[in-house]
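A short write-up of the structure that comes next.
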Amino acid sequence: MHKETEIKLRVSRETLAALREHPLLNKRNKSGWQSRELLNQYFDTPERDLAAAKVALRLRRDGDVVIQTLKTRGQSVAGLSQRNEHEWQLPKAKLDLKKLDDTCWPAELAEVDKKTIKALFTTDFTREYAEIAWGRGKAKVVIEAALDLGTVVAGKQKEAICELELELREGAPEALLELAAELSASLPLFPCDISKAERGYRLLDPASYALSLPAAQLSAEMPLDEAFAALALQLLGASQRLAEQYHFTGHWRLLQDWVQALAELRALLSSLGQAAPRPTTATLRSSLDALLEDWRPLVLAGNDDEDVRRAAPEQFAEELLDTRWGQFSLEASRWLLARGWTVERNKRGDRQGAAQLANWLNVLLADEAKALNLPLYHRQPEDLAEQLPRIERLLAWLHHARQVLESPDLDRLFGELNKLQELANLPISDEVEADVRTEVLEARAQQAMAVFQSRGWKHLLRK
């Protein structure tokens with residue numbers, strides 16, 4: 001058994017061709033580009049028990065060699081995935097169930113009848129690959145860069161394979177993100193946290209690709225630094241999966257959720273005070289602002305306009321042909337894994353980063369609630385939109401961390417604040433009909449007081 005550590009990047013055919021000649025790879029290419037054809041069959045039970053357990057079982061024909069591979073449940077952090085992998089070379093292209101014994105077979109599949117395992121789909125592709133030497137100081141790093149071009153076939157359904165796969169052969173896993181991020185500066189690389197096996201299952205059932213990641217495990221006593229890292233990595237990972245699935249299905253709700261994940265990440269970044277000095281977050285905030293500036297108005301418009309919704313998938317495809325999304329996604333992954341917000345902060349910032357989450361969060365929410373000054377917007381509802389960044393910071397923390405607080409009625413408060421945010425986003429410009437504008441302003445005023453008078457809000461203000 002060995003651990004497979006890799007990152008997958010969806011690319012266009014044009015980008016795949018450009019990667020072969022990219023100076024960054026050619027300069028460090030120690031083996032030269034080689035090519036082989038890989039023919040793969042994936043297996044599961046009729047009930048897809050292996051997929052449910054996050055296990056992949058494959059037969060691969062590589063020239064005259066046949067390899068049986070079992071990949072067990074792994075972990076993925078912001079696009080960088082690690083899985084345990086068992087391999088056996090076989091004399092013929094027939095699954096050897098005897099190899100799947102207790103030394104490798106997951107305990108949660110102990111009751112599965114292995115005799116029911118059958119072939120479900122194929123992933124056949126040509127792979128051009130090379131060993132890349134990537135220096136990190138004096139540490140030796142070897143990465144296999146693979147350019148894969150082919151097709152996933154499940155019954156009558158097909159999907160193209162066109163991706164760059166970077167797999168760690170020797171050295172620190174962070175090197176994969178470093179190489180990918182440098183390549184993304186000049187080429188559109190789309191981090192896709194989806195394996196070829198998951199693509200096959202998705203062709204059989206589009207809903208099988210899980211969009212939700214495990215919730216961040218937060219506690220009242222954990223340090224703020226740990227809580228922020230867990231939440232930010234979860235949001236970034238979710239945004240990558242949502243982008244992948246929206247690109248595949250074009251379902252409007254996925255685009256809404258993608259924008260929401262980016263907005264929440266932006267809100268968290270701006271809430272940390274001296275724990276994350278502004279210079280350390282400047283690049284990330286700027287990238288998020290650029291994405292949100294383009295996509296948030298489109299989503300708000302599309303919520304009431306079917307023409308906007310219909311045009312959005314093509315616009316999103318154009319976004320992926322640019323370097324912006326891939327570069328942001330990869331640089332954000334690097335920054336979060338390296339804890340870039342802690343670099344060169346002062347002692348007060350270190351103390352804040354080490355503060356217990358519940359204590360810090362009580363202070364933050366109280367400060368934000370007082371600064372929001374809701375009675376003012378009961379009288380001046382036309383100005384409520386100027387407070388959207390503050391409302392979004394409150395919502396982001398209440399969404400993900402209210403369970404660590406002992407304040408009452410926070411679930412209800414979260415719902416009421418959501419309504420206030422929705423009203424603050426509704427247009428009230430001169431182009432809006434007078435009666436509609438009046439209705440929105442009255443609703444804003446009423447909702448501002450509903451939040452202000454709620455038990456949860458009053459408890460925050462007493463902190």
Side-chain angles (χ1 to χ4, degrees), residues 8-19 79 147-154 156-164 180 183-194 196 198-211 235-266 286-332 425 427 431:
K8 294 180 184 294
L9 301 142
R10 183 192 289 277
V11 298
S12 67
R13 283 176 173 264
E14 292 77 13
T15 298
L16 204 67
L19 284 164
L147 311 177
D148 293 343
L149 183 63
T151 309
V152 184
V153 179
K156 296 181 179 180
Q157 304 295 315
K158 294 183 179 182
E159 182 186 359
I161 296 170
C162 194
E163 64 186 30
L164 165 65
L183 290 169
S184 74
S186 58
L187 292 173
L189 306 178
F190 174 6
C192 56
D193 187 15
I194 181 170
K196 293 180 179 70
E198 285 179 300
R199 290 192 190 194
Y201 283 111
R202 186 172 65 177
L203 286 177
L204 295 169
D205 175 12
S208 67
Y209 181 52
L211 295 173
L235 286 168
L236 181 61
S239 74
Q240 292 171 342
R241 296 180 79 84
L242 287 162
E244 164 65 34
Q245 191 70 345
Y246 180 67
H247 181 59
F248 181 72
T249 68
H251 292 168
W252 178 250
R253 182 66 202 179
L254 299 173
L255 187 64
Q256 291 175 309
D257 290 346
W258 178 70
V259 168
Q260 179 65 20
L262 297 182
E264 288 191 340
L265 180 55
R266 178 65 177 87
S286 177
S287 298
L288 278 165
D289 286 343
L291 285 160
L292 289 169
E293 184 179 353
D294 287 343
W295 286 99
R296 183 148 49 185
L298 184 146
V299 165
L300 291 172
N303 290 337
D304 298 314
D305 190 329
E306 187 176 348
D307 289 339
V308 173
R309 296 196 293 272
R310 280 200 297 261
E314 185 175 345
Q315 292 174 263
F316 194 74
E318 291 175 1
E319 172 73 56
L320 300 182
L321 292 175
D322 187 71
T323 60
R324 181 170 70 168
W325 167 245
Q327 192 168 16
F328 157 73
S329 191
L330 290 163
E331 290 292 359
N425 274 310
E431 288 77 18

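Quantities reported herein were computed from a predicted structural model and do not represent experimental measurements. Just so you know, residue 1 is the first one in the sequence shown, and it goes up from there.
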With W258 as partner, the option from W325, W252, Y246 fulfilling ring pair (Phe, Tyr, Trp, His ring centres under 6.0 Å) is W325
Measuring from atom CG of L330 to atom OG1 of T323, what distance do you get when rounded to the nearest 0.5 angstrom?
11.0 Å
Under 3.5 Å, side chain of R199 to main-chain N/O of A160, donor-acceptor pair present?
yes
Check ion pair D305-R309 (N to O, under 4.0 angstrom)
no
Sole candidate of E318, E319, E331 that passes salt bridge (charged side-chain N to carboxylate O under 4.0 Å, His left out) when paired with R324
E319
Please identify which of these residues, L9, L164, L320, V11, meets the side chain to side chain contact (heavy atoms under 4.5 Å, CB included) condition with F190.
L320
Check the side chains of Q315 and W295 for a donor-acceptor pair under 3.5 angstrom, ignoring hydrogens and angles.
no
Without swapping roles, check the side chain of T249 against the backbone of H251 for a donor-acceptor pair under 3.5 Å.
yes
Short side-chain to backbone donor-acceptor contact, Q245 and P206, under 3.5 Å:
yes
Donor-acceptor check, side chain of S329 to backbone of G326, threshold 3.5 angstrom: yes or no?
no
Would you compute the distance between atom CZ of F248 and atom CZ of R202 and round it to the nearest 0.5 angstrom?
4.5 Å
What's the separation between atom CD in E244 and atom CD in E198, rounded to the nearest 0.5 Å?
9.0 Å
Could you check whether any side-chain N or O of S208 sits under 3.5 Å from a backbone N or O of Y201, counting only pairs where one atom can act as donor and the other as acceptor?
yes
